[in-house]
Amino acid sequence: MIFIKIDQKAILKRYKPIDKFTHKGIQGHALIIAGSYGKIGAACLSAKAALKTGCGLVTAFIPECGYEIVQASIPEVMVLTDVEVKCISNITFEIIPEAIGIGPGMGQELATQNAFHQFLQTNAIHLVIDADGLNILSQNKSWLSLLKSKTILTPHPKELERLIGKWKTDEEKFSKTIAFSKKYNLIIVMKGAPTHIIDAETVYENSTGNAALATAGSGDVLTGMITSLLAQSYDAIDAAIIGVYLHGLTADIALPETGFQSFIASDIIKNIGKAFLTLEINTK
Ligand SMILES: NC(=O)C1=CN([C@@H]2O[C@H](COP(=O)(O)OP(=O)(O)OC[C@H]3O[C@@H](n4cnc5c(N)ncnc54)[C@H](O)[C@@H]3O)[C@@H](O)[C@H]2O)[C@@H](O)CC1
Ligand SMILES: Nc1ncnc2c1ncn2[C@@H]1O[C@H](COP(=O)(O)OP(=O)(O)O)[C@@H](O)[C@H]1O
Ligand SMILES: [Mg+2]
């Protein structure tokens, strides 16, 4: 195992400042496939976080019932709807995004599982899988071999357990996750306090974040942020590392204003700009 601590210096080596002459057409298009009846908020959080992390365009693919919710709450985001009202049942789109984030709030209806399977069989675009995307994979482990090399998975501890089985010690958790990452050639964002990013034998430990992040939708926001960085042509490992670092940094920045208790997932999104600025100041 190779252990690497991720601090600001490590991020600055990977961070690419925005080109003065860029435009929205080349700044990356992220597609967020998420949401179900009662959990359209997860799609909103993820899509808004993707936009606020710098990609030029964001499209949300959601069940029909979420159409007005997403359009009204984030007018900058484009929306595609499924034929089903309450859940995703057929993932088809004509746009060509550079990266896709799938799973937040998506639910695990049979129709959604079938649509996800169909999608994995044909998808060739860089991918981040979270939440119900992970839960569906846990129930259908043979589908893991459909994932392209360096697909990013972002499990919290319970989702990780569903994927790799129970562990008794931290050591066992790491060795099982490393073996899983190697077997399927995946990047595993092992969310926690702190979060570790696992790429085969290499374990990156994040240095930002605090308990304020223990709040609903916090992971949905992270999925949007990593997808956005992937869409902006960061390598998968860099997108995962920078996304986790900035996500944690928002909570460190906001803490003096919100305290642990009143920090909510929208506060992560609100502070992404300030988190980026700490990097800009250090590249001057
Ligand atoms: N506003 C929204 O629409 C929201 C939608 N959400 C979605 O709701 C669905 C269900 O997600 P959940 O994660 O709640 O459900 P899960 O059943 O996957 O996870 C909840 C369980 O995991 C355990 N757990 C979670 N984090 C842990 C940690 N750090 N350490 C130890 N145990 C931990 C909890 O004790 C609980 O038993 C997902 O699709 C998610 O994206 C949530 O993100 C909440 C907000
Ligand atoms: N005590 C904590 N300290 C630091 N980070 C935390 C803590 N609790 C949760 N987090 C972070 O918050 C996020 C929670 O993600 P997740 O459980 O998927 O939330 P949700 O599904 O509600 O969106 C992860 O990035 C995790 O690392
Ligand atoms: Mg989650």
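In listed order, ligands and their atoms are each counted from 1.
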Item to check | Contacting atoms of ligand 2, where contact means under 4.0 angstrom from a heavy atom of A214 | outcome: 8 (N), 9 (C)
Item to check | Heteroatom distance test (E159, ligand 2): nitrogen or oxygen, under 3.5 angstrom | outcome: no
Next on the checklist: I'd like the contact residues of ligand 1, where contact means a heavy atom below 4.0 Å.
Outcome noted: K39, G41, A42, P104, G105, A131, D132, H156, P157, K158, E159, R162, A216, G217, D220
Checklist entry - So with a 6.0 Å cut-off around NZ of K52, is the heavy-atom count from everything else above 12? => result no
Next on the checklist: For atom 5 (N) of ligand 2, tell me which residue out of G209, G192, G243 has the closest non-hydrogen atom.
Outcome noted: G192
Item to check | Contact with ligand 2 for A216, non-hydrogen, under 4.0 angstrom | outcome: yes
Checklist outcome for this item: For T195, the ligand 2 atoms with a heavy-atom partner under 4.0 Å come out as 27 (O)
Checklist entry - Is the number of heavy atoms from other residues, nucleotides or ligands within 6.0 Å of NE2 (H29) greater than 12? => result yes
Checklist entry - Does S218 reach ligand 2 with a nitrogen or oxygen that is under 3.5 Å from one of the ligand's nitrogen or oxygen atoms? => result yes
Next on the checklist: Quick check: G217 and ligand 2, any N/O pair under 3.5 Å apart?
Outcome noted: yes
Checklist entry - Given A211, P157, P194, G105, which one has a non-hydrogen atom that is nearest to atom 1 (N) of ligand 2? => result A211
Checklist entry - Does ligand 2 have a heavy atom under 4.0 Å from the side chain of D130, from its backbone, from both, or from neither? => result neither
Checklist outcome for this item: among protein heavy atoms, the one nearest atom 4 (C) of ligand 2 is N210 O, 3.3 Å
Next on the checklist: side chain to side chain contact (heavy atoms under 4.5 Å, CB included) for F116 and N140? Distances and angles first, verdict last.
Outcome noted: CA-CA 11 Å; F116 186 51; N140 302 277; over 6 Å; no
Checklist entry - Mind checking whether H196 and F174 have parallel, tilted or perpendicular rings, split at 30° and 60°? => result perpendicular
Checklist entry - Yes or no on salt bridge (Lys or Arg N to Asp or Glu O under 4.0 Å) for K39 and D220, after CA distance, side-chain angles and deciding distance? => result CA-CA 11 Å; K39 288 186 178 158; D220 306 336; over 6 Å; no
Item to check | Protein contact of atom 17 (O) of ligand 2 - nearest heavy atom, named by residue and atom, plus distance | outcome: H156 CD2, 3.2 Å
Checklist entry - From T53 OG1 over to L230 CG, what is the distance, rounded to the nearest 0.5 angstrom? => result 11.5 Å
Checklist entry - atom 24 (C) of ligand 2: which protein heavy atom is closest, and how many Å away? => result K191 CD, 3.5 Å
Next on the checklist: If I apply the N/O under 3.5 Å rule, does D220 come out as touching ligand 2?
Outcome noted: yes
Next on the checklist: Less than 4.5 Å apart, side chain to side chain, heavy atoms only: is that true for E159 and D130?
Outcome noted: yes
Next on the checklist: I'd like to check the side chain to side chain contact (heavy atoms under 4.5 Å, CB included) partners of S138; sequence neighbours left out, ordered by chain and number.
Outcome noted: R162, L163
Item to check | Qualifying salt bridge (charged side-chain N to carboxylate O under 4.0 Å, His left out) pairs, either residue in residues 164-176, two or more places apart | outcome: E161-K166, D170-K173
Checklist entry - Does anything in residues 81-102 pair up under salt bridge (charged side-chain N to carboxylate O under 4.0 Å, His left out), and if so which pairs, sequence neighbours excluded? => result none
Checklist entry - Where is the nearest protein heavy atom to atom 23 (O) of ligand 2: which residue, which atom, and how far? => result G219 N, 2.7 Å
Checklist outcome for this item: Ranked by distance from atom 10 (N) of ligand 2, the top protein heavy atom is L213 CB, 3.6 Å
Item to check | Contact atoms of ligand 2, heavy-atom distance to A193 under 4.0 Å | outcome: 1 (N), 2 (C), 3 (N), 4 (C)
